[in-house]
J.: 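Would you mind keeping the following structure in view while I ask a few things?
Each chain gets a letter, A, B and so on, in the order its sequence line appears, and its residues count up from 1.
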2 protein chains.
Amino acid sequence: MADPIPCPFNESDIRRGIELIYFGYSHLTRMADQRLETQGLGRAHHRVLYFISRQPGLNVSELLRLLNVTKQSLSRVLGELTQRGLVELRTSAQDRRQRLLFLTPDGATLESALFGDLSSRLSAAYAEAGNESVPGFWAILTSLIAEEDRAMVQALDGG
Amino acid sequence: MADPIPCPFNESDIRRGIELIYFGYSHLTRMADQRLETQGLGRAHHRVLYFISRQPGLNVSELLRLLNVTKQSLSRVLGELTQRGLVELRTSAQDRRQRLLFLTPDGATLESALFGDLSSRLSAAYAEAGNESVPGFWAILTSLIAEEDRAMVQALDGG
DNA sequence: AAAAATAGGACAGTGATGTTGACGTATTAA
DNA sequence: TTAATACGTCAACATCACTGTCCTATTTTT
């Protein structure tokens with residue numbers, strides 16, 4: 001891959017990819033909206049719940065980096081979630097400056113339900129498109145992620 | 001497909017898909033942010049430019065439906081774009097109530113540059129993941145789109 | 001031991017983009 | 001002629017993100 005390879009794809013292939021990502025993301029994300037609204041929460045809250053569930057005990061900086069938002073932005077959402085008893089902050093034993101993030105049982109229950117909303121749609125898509133489509137799907141999306149963030153994303157799967 | 005098929009995917013496969021869509025979308029979308037900021041525009045403007053470019057002459061209702069936003073929301077963005085001389089509204093000859101949307105030459109130039117920002121990333125991802133990954137990628141994302149919207153999305157490719 | 005760096009938290013103001021409700025005009029369909 | 005439709009506007013509000021600033025406690029470096 002040292003040499004730039006002439007792009008074998010035409011504009012139409014690229015635009016199709018752009019559009020499908022836009023619509024695919026939009027449709028998937030919407031699956032949780034109803035439940036979130038019922039809970040008086042938004043998508044930002046969902047993302048926080050999701051990633052804490054994925055990596056229990058991650059610290060605030062790690063979550064900031066995962067979400068690619070500012071601490072003030074996260075602070076508002078996190079504050080609401082802890083106030084609501086869905087998230088718990090524990091001071092790290094290794095470094096007392098750090099706050100480690102955990103879901104409470106209520107938080108885990110909610111995240112699980114939200115996950116169910118998304119997963120019914122995504123697993124149906126996997127099934128409809130066929131097993132053999134999944135590795136390609138993963139590969140291209142992975143390749144869209146900037147190199148410096150790939151390890152972080154892949155570490156989600158390590159837990 | 002009449003019978004519900006036992007899901008062959010485990011939770012980990014599903015969560016991976018969710019995460020990759022989230023990060024993939026986020027990273028791709030960011031590619032245009034710098035240029036947008038330089039132009040004093042945002043992502044909502046970009047989406048409008050994109051879809052008008054894709055379907056010149058579409059009417060306001062069609063764009064509302066594509067973007068899945070309210071007319072008030074669109075109106076603000078569209079107003080800014082017409083004010084900026086990037087988009088042009090023409091009354092339809094067939095139905096004088098309708099406004100048909102076109103990019104101006106300046107609008108087309110900008111959209112083209114923005115497309116270049118996204119396409120360099122996406123075509124690199126196609127290349128990195130390999131040709132054989134692309135159909136699977138398309139298939140799964142297509143399957144994520146609700147049935148009632150698929151024709152609309154596929155019609156983008158018809159032009 | 002002291003200085004510097006770091007983690008997290010809070011305050012405050014602002015901006016982008018989305019929503020709801022309401023109202024109105026012109027045009028087309030019933 | 002009446003009803004429906006397309007679009008436009010006004011207004012207020014919500015979500016979620018940003019920047020700048022300041023502070024305390026803790027850890028690391030000098």
J.: In this structure, how many angstroms lie between the P atom of D:dA17 and the CG atom of A:Leu66, rounded?
T.: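 Going from CG in A:Leu66 over to P in D:dA17 covers 14 Å.
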J.: Sequence neighbours left out, what passes side-chain hydrogen bond (donor to acceptor under 3.5 Å, both in side chains) with A:Glu111? Give chain and number order.
T.: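 Only A:Ser53, B:Arg15 meet the side-chain hydrogen bond (donor to acceptor under 3.5 Å, both in side chains) criterion with A:Glu111.
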J.: Rounded to whole angstrom units, what separation is found between the CG atom of B:Leu64 and the P atom of D:dT9?
T.: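 Taking CG of B:Leu64 and P of D:dT9, I get 13 Å after rounding.
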J.: Whole angstroms only, please: what is the CD-P distance between A:Glu62 and C:dA7?
T.: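 One finds 10 Å between P of C:dA7 and CD of A:Glu62, rounded.
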J.: Might you work through the side chain to side chain contact (heavy atoms under 4.5 Å, CB included) test for B:Val69 and B:Val77, ending with a clear yes or no?
T.: CA-CA 11 Å; B:Val69 295; B:Val77 173; over 6 Å; no
J.: Less than 4.0 angstrom between a side-chain N/O of B:His45 and OP1 or OP2 of C:dA16, yes or no?
T.: no
J.: Under a 3.5 Å distance rule, please check whether B:Thr104 uses its side chain to pair with a backbone N or O of B:Gly85 as donor and acceptor.
T.: yes
J.: Would you say B:Thr70 places a side-chain N or O within less than 4.0 Å of OP1 or OP2 belonging to C:dT19?
T.: yes
J.: How many Å lie between CD on B:Gln98 and P on D:dA4, as a whole number?
T.: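 It is 19 Å, rounded to the nearest whole Å.
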J.: Between P on D:dA6 and CG on B:Leu101, what's the gap in Å once rounded to a whole number?
T.: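 Going from B:Leu101 (CG) to D:dA6 (P), I get 14 Å.
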J.: Between A:Leu118 and A:His46, does the side chain to side chain contact (heavy atoms under 4.5 Å, CB included) criterion hold? Intermediate values first, please.
T.: CA-CA 11 Å; A:Leu118 301 192; A:His46 184 189; 3.9 Å; yes
J.: Please list, by residue number, the residues of residues 71-88 of chain B whose heavy atoms come closer than 4.0 Å to an atom of DNA chain C; answer none if no residue qualifies.
T.: B:Gln72, B:Ser73, B:Arg76
J.: Can you label the angle between the B:Phe23 ring and the A:Phe51 ring as parallel, tilted or perpendicular, going by 30° and 60°?
T.: tilted
J.: Report the residue (B:Asn59 or A:Arg47) whose heavy-atom-nearest nucleotide on DNA chain D is the more 5′ of the two.
T.: B:Asn59
J.: Starting from P on C:dA7, measure out to CZ on A:Arg96 and report it in whole angstrom.
T.: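 Result: 16 Å.
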J.: Counting only heavy atoms not in B:Arg150 (residues, nucleotides, ligands), do more than 12 fall under 6.0 Å from its CZ?
T.: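 Yes, because the 6.0 Å sphere around CZ of B:Arg150 holds more than 12 heavy atoms from other groups.
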J.: Do you see a donor-acceptor pair shorter than 3.5 Å between the side chains of B:Arg30 and B:Ser26?
T.: yes
J.: Near DNA chain D, which residues from residues 24-44 of chain A have a heavy atom under 4.0 Å away?
T.: A:Gly42, A:Arg43, A:Ala44
J.: If you measure from OG on B:Ser112 to CG on B:Leu49, what distance do you get to the nearest 0.5 Å?
T.: 11.5 Å
J.: Could you tell me the separation between the CG atom of B:Leu58 and the P atom of D:dA6, rounded to a whole number of Å?
T.: 14 Å
J.: Please check the phosphate of D:dG8 (OP1 and OP2 only) for any side-chain N or O of B:Arg99 closer than 4.0 Å.
T.: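 Answer is yes, contact under 4.0 Å.
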J.: Given atom CG of A:Asp95 and atom P of D:dT29, what is their separation to the nearest angstrom?
T.: 12 Å
J.: Answer yes or no: does a side-chain N or O of B:Arg97 lie under 4.0 Å from OP1 or OP2 of D:dT5?
T.: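 So the side-chain polar atoms of B:Arg97 never come under 4.0 Å of the phosphate oxygens OP1 or OP2 of D:dT5.
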J.: Using 30° and 60° as the class limits, which term best fits the ring planes of B:Tyr126 and A:Phe9: parallel, tilted or perpendicular?
T.: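 Rings of B:Tyr126 and A:Phe9: perpendicular, as their planes differ by over 60°.
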